[in-house]
Structure formats: C-alpha cells, structure tokens
Amino acid sequence: MPVATNEDEIDAIGDPVIGLDIHVVTLTNIDELFRAAPYIDALLINPGTQQFMVDREIITDIARFRDGKITRRPASPDTEITVDNPTVYPDALAEALSAEARNHRLIRQMWMRELREDEVPASYLVIVKVPEEEFDDASADLAKAAATVEGLALPVEFRLFLSNVQYPGHSDPFYKRKLFGRS
C-alpha cells in the first residue's frame, strides 16, 4: 500500500488513480489500518521518491512500543547475556512504575535490573512479583507508565518474579506494597 509523508510526495507519485481514496495515517492510527485491512502486508512510503518499504511486523512493533508494550528482539545465539544492577539507576522510571503499581493491589514487589548483551547495557529489566494470571495486565499497565518517562537510556522489559530463580544484584525491591499499614 503506498503512503506519502506530505503533499509534495503525493504529487511525486504522478497521475492520480481514479477512485483513489486518500487517508491520513499516523502512528496513532496505523495499527487500526492493519486490523481493518489484513490483506496489507507492508507500506511503501513515498513511492514517487524514496520507495521505502515497511512491513507489517515493524509497524506492529512500533504500535506496541507506542502503546507501552515495549519489547525487544531476541539476541543472537553467540551473544553473552548478563543481568545485574543498573549501571545508571533510572530513578524517574522507578517512581513512575511505583505510582502505577499502587493502582494494582496484587503487585507485591518490583526489582530493577539491567540486561546486558556482550557487556553492553541493552535494557532495563523490571521483575514483578504478582500472581502469574495477573502478570499480562499488570505489565501492560506498567509498560504504559514506563513509556511516559522521558529520556530513558534503555528500553524496558518486564518479567514475572519466579521464586526458583536467583536474580543477581542486591535483593532490595524498589517497590514493596505496604500491607496493613506496614512495609
């Protein structure tokens, strides 16, 4: 499907096609276009000049990022993955997530870690202690809160706390729900 970024690009396409409808497509409504037209596999951006192709998967990832469902692609098999305390602690992120967690009575604790690929910081890893059946809803809301934090150095990932996994770094959570007026 051809997409033009401005009126000059529309003119560069050439003669209009009879019956052609022109619609404004933005990042806020592009996923709606894909849901309404499942036969569209890609967008051809500025076909009269640049001819840049963007497939459905990339658009879906952009929409998920926009909606706060921040995700990452898997690392290659030869990449060394490590987890530890953040090199630079994202205080604003911890504050935003703590504020959101107070709206979820079942989120008990959260820990902040940094995921590194070949010793290079790759993402903030937020480990959430919540009943497993509540994790998807809680992490989606937490991701929306994370998306409001400006200037984050890394993307954010959420993982369910598993009691049988030893997480490196200090054991103090940045968020702990107060029960009965006590921590």
Side-chain angles (χ1 to χ4, degrees), residues 25-38 56-76 79-183:
V25 179
T26 66
L27 283 179
T28 57
N29 69 3
I30 198 159
D31 52 325
E32 294 170 15
L33 170 71
F34 276 108
R35 278 196 301 274
R56 178 182 285 269
E57 182 181 354
I58 291 172
I59 297 298
T60 301
D61 286 349
I62 290 169
R64 287 179 53 82
F65 184 81
R66 178 207 64 214
D67 292 341
K69 298 174 181 162
I70 303 171
T71 60
R72 293 178 4 88
R73 297 199 182 277
S76 67
T79 300
E80 180 185 354
I81 305 293
T82 57
V83 176
D84 208 338
N85 289 325
T87 307
V88 176
Y89 198 84
D91 290 310
L93 175 61
E95 289 172 20
L97 295 177
S98 295
E100 182 58 38
R102 287 190 278 280
N103 297 324
H104 288 268
R105 65 180 182 81
L106 296 176
I107 294 177
R108 297 293 181 218
Q109 293 175 308
M110 291 188 292
W111 294 263
M112 185 78 65
R113 296 293 185 268
E114 184 176 270
L115 182 74
R116 298 181 187 133
E117 297 178 0
D118 293 330
E119 297 300 317
V120 176
S123 68
Y124 294 117
L125 182 64
V126 179
I127 302 156
V128 183
K129 187 173 186 180
V130 64
E132 188 172 356
E133 64 274 7
E134 299 292 323
F135 178 74
D136 287 344
D137 289 338
S139 62
D141 290 340
L142 291 168
K144 287 178 185 174
T148 67
V149 178
E150 293 184 17
L152 282 177
L154 301 170
V156 181
E157 295 184 53
F158 297 91
R159 294 289 181 261
L160 179 64
F161 173 83
L162 301 171
S163 59
N164 63 338
V165 174
Q166 178 67 35
Y167 298 98
H170 63 77
S171 61
D172 295 334
F174 71 85
Y175 173 82
K176 185 173 182 180
R177 177 167 293 284
K178 292 183 178 183
L179 301 175
F180 308 113
R182 295 178 288 172
S183 307

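These figures come from a predicted structure and were not determined experimentally.
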Donor-acceptor pair, side chain of R105 and main chain of R177, under 3.5 angstrom
no
Do you know the tightest heavy-atom contact between D137 and H104?
O-CE1, 4.3 Å
From D141 CG over to D136 CG, what is the distance, rounded to the nearest 0.5 angstrom?
11.0 Å
Would you name the heavy atoms of F158 and S139 that are closest together and state the gap between them?
CB-CB, 3.9 Å
Nearest-0.5 Å distance that lies between atom CD in E119 and atom OG1 in T79:
12.0 Å
If I compare all heavy atoms of Y124 with all of M112, which pair ends up nearest, and what's the gap?
CB-SD, 4.1 Å
Rounded to the nearest 0.5 Å, how far does CD1 of I127 lie from CG of L160?
10.0 Å
State, to 0.1 Å, how close R116 and N85 come at their nearest heavy-atom pair, and which atoms those are.
NH2-O, 3.0 Å
Taking all heavy atoms of L142 and all of A101, pick out the closest pair and write down the distance.
CD2-N, 4.2 Å
Walk me through it: do L152 and L93 pass the test side-chain contact (heavy atoms from CB on, under 4.5 Å)?
CA-CA 8 Å; L152 282 177; L93 175 61; 3.9 Å; yes
Nearest heavy-atom approach of L106 to P131 is O-CD, 3.5 Å
Backbone N/O of K129 and side chain of Q109: donor-acceptor pair under 3.5 Å:
no
Using the side-chain contact (heavy atoms from CB on, under 4.5 Å) rule, take V149 and V156 through it: C-alpha gap first, then chi angles, then the decisive distance, then the call.
CA-CA 11 Å; V149 178; V156 181; over 6 Å; no
Once you measure the plane-to-plane angle for F161 and W111, does it fall in the parallel (<30°), tilted (30-60°) or perpendicular (>60°) bin?
parallel
Just wondering, more than 12 heavy atoms not from E133 lying within 6.0 Å of its CD?
yes
OG1 of T82 to CZ of R113, rounded to nearest 0.5 Å, is 12.5 Å
Please tell me if the side chains of E114 and V83 come closer than 4.5 Å, counting only heavy atoms from C-beta onward.
no
Hey, does Y175 have a side-chain heavy atom less than 4.5 Å from the side chain of L97?
no
